[in-house]
Protein chains: 2
Amino acid sequence: MKRLRNENADLDVADLKILRLLEKDARTSTAELARAVGLSPPSVAERIRKLQENGVIEAYTVRIDPAALGLKLSAWLRIRPVPGQLAVVAGIIRDLPEIAQCDRVTGEDCFIALAHVGSVAELERVIDKIIPYAMTNTAIIQSSPVEPRSLLGSLRQR
Amino acid sequence: MKRLRNENADLDVADLKILRLLEKDARTSTAELARAVGLSPPSVAERIRKLQENGVIEAYTVRIDPAALGLKLSAWLRIRPVPGQLAVVAGIIRDLPEIAQCDRVTGEDCFIALAHVGSVAELERVIDKIIPYAMTNTAIIQSSPVEPRSLLGSLRQR
DNA sequence: GCTGAAATAATAAGCCG
DNA sequence: CGGCTTATTATTTCAGC
């Protein structure tokens, strides 16, 4: 049977189909997944359990429209701490609830962070928390040509 | 009753609690949500239906570890199309399955895109598709000081 | 928003290749 | 080990209030 081989997981076509269906709707019932992949519900439940155990599935989440919560402004912040302040800046970022995610990256900027706020004034308050220890560059999101989409799509014909 | 008021939604504390629980685990059963908020299961089901209908809940998804699929390299691409080629570049980005998401932003860079690939060679192929029409800047993700976290956390004491 | 009944689904146990 | 069936428990859904 065709498999994806790598250090972390050993996924067969049924696993991939389950992941694909859960990506589309994480609330799909085990029973329905079972019908789709042609296995019994307990088998599918067991596969899902293992996918979680092996860290393939990291979390089941819901995507919420920030605007619906009054968070009408979203922005990407590129952050370049002054020498010696990297850990301090990382701590500040973690303590700012407006930061929904943040990656450490290679290159001139050390961090790329996503902020959701209700107004420009709030955005300013977020930036002001960081600016004593880092140079920042703010890019406000205007639209999303590609809404978050399937990771499995990235696999192509490999 | 305390409510969040804005153009898109009118959420009470029960709705917010439901959203918070679903953010933590989108597979939480309606029955369990009902117990947590002190309503009956049909009421909770109806509230969830409306949250979807109103676009507050955009999707239920599963977060998959890219490395588990062999996508060991993730990178943020900043993309600045040459004049007149913005729409062309947007189309190319949409057609690249390695791009998991992409936002149009203000500032020097027009697009910020997230790519998941299996190798540096694949990353090069992605960039080569874009480079005829845009200047690009690539930042490889080293770690994630803030893993994707609750949007509701961004609300603070507003 | 609720209850209560009927239909579905999840789970645990025991068995099979 | 991975999968199946069966029996039990829990959940979802529908109707009526």
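Each chain gets a letter, A, B and so on, in the order its sequence line appears, and its residues count up from 1. Just the heavy atoms: all of them, side chains too, but no hydrogens, waters or symmetry mates, feed the values below.
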Seminar exercise, completed: In short, ring pair (Phe, Tyr, Trp, His ring centres under 6.0 Å) pairs touching residues 36-55 of chain B with sequence neighbours left out are none
Problem set entry | Pair listing, ring pair (Phe, Tyr, Trp, His ring centres under 6.0 Å) test, anchored in residues 85-131 of chain B, at least two apart | none
For this session: Could I get the full list of salt bridge (charged side-chain N to carboxylate O under 4.0 Å, His left out) partners for B:R63, not counting sequence neighbours?
Result: A:E58, B:E147
Exercise. Which letters describe nucleotides 4-14 of chain D, given B = protein heavy atom under 4.0 Å from base, S = only from sugar-phosphate, - = neither?
Worked result: SB-----SSBB
Exercise. Any side-chain heavy-atom pair from A:I112 and B:I112 closer than 4.5 angstrom?
Worked result: no
For nucleotides 14-17 of chain C, list the nitrogen or oxygen atoms of the protein found under 3.5 Å from its nitrogen or oxygen atoms, one pair per line.
none

Seminar exercise, completed: A:D109 meets the salt bridge (charged side-chain N to carboxylate O under 4.0 Å, His left out) criterion, sequence neighbours left out, with A:R78, B:R78
For this session: Not counting sequence neighbours, which residues clear side-chain contact (heavy atoms from CB on, under 4.5 Å) with B:A31? List them please.
Result: B:S29, B:R35
Exercise. Under 4.0 Å between a side-chain N/O of A:K50 and OP1 or OP2 of D:dG2, yes or no?
Worked result: yes
For this session: Would you tell me if any nitrogen or oxygen in the side chain of A:R49 comes within less than 4.0 Å of OP1 or OP2 on C:dT11?
Result: no
For this session: Kindly calculate the angle separating the two end axes of the helix from C:dG1-D:dC17 to C:dG17-D:dC1, each obtained from five base pairs, and round it to 10 degrees.
Result: 40°
For this session: Mind calculating the distance between CG (A:L33) and C1' (C:dT8) to the nearest angstrom?
Result: 15 Å
For this session: Hey, could you give me each pair passing ring pair (Phe, Tyr, Trp, His ring centres under 6.0 Å) that has a residue in residues 34-78 of chain B? Not counting sequence neighbours.
Result: A:W76-B:W76
Problem set entry | Pairwise ring pair (Phe, Tyr, Trp, His ring centres under 6.0 Å) hits with a residue in residues 10-42 of chain A, at least two apart | none
For this session: Only pairs at least two apart or in different chains count here, so list each side chain to side chain donor-acceptor pair (under 3.5 Å) that has a residue in residues 36-46 of chain B.
Result: B:S40-B:S43, B:E46-B:R49
Seminar exercise, completed: By side-chain hydrogen bond (donor to acceptor under 3.5 Å, both in side chains), B:T106 pairs with (sequence neighbours left out) none
For this session: Take atom CD of A:E46 and atom P of C:dA13, then tell me their distance rounded to the nearest Å.
Result: 13 Å
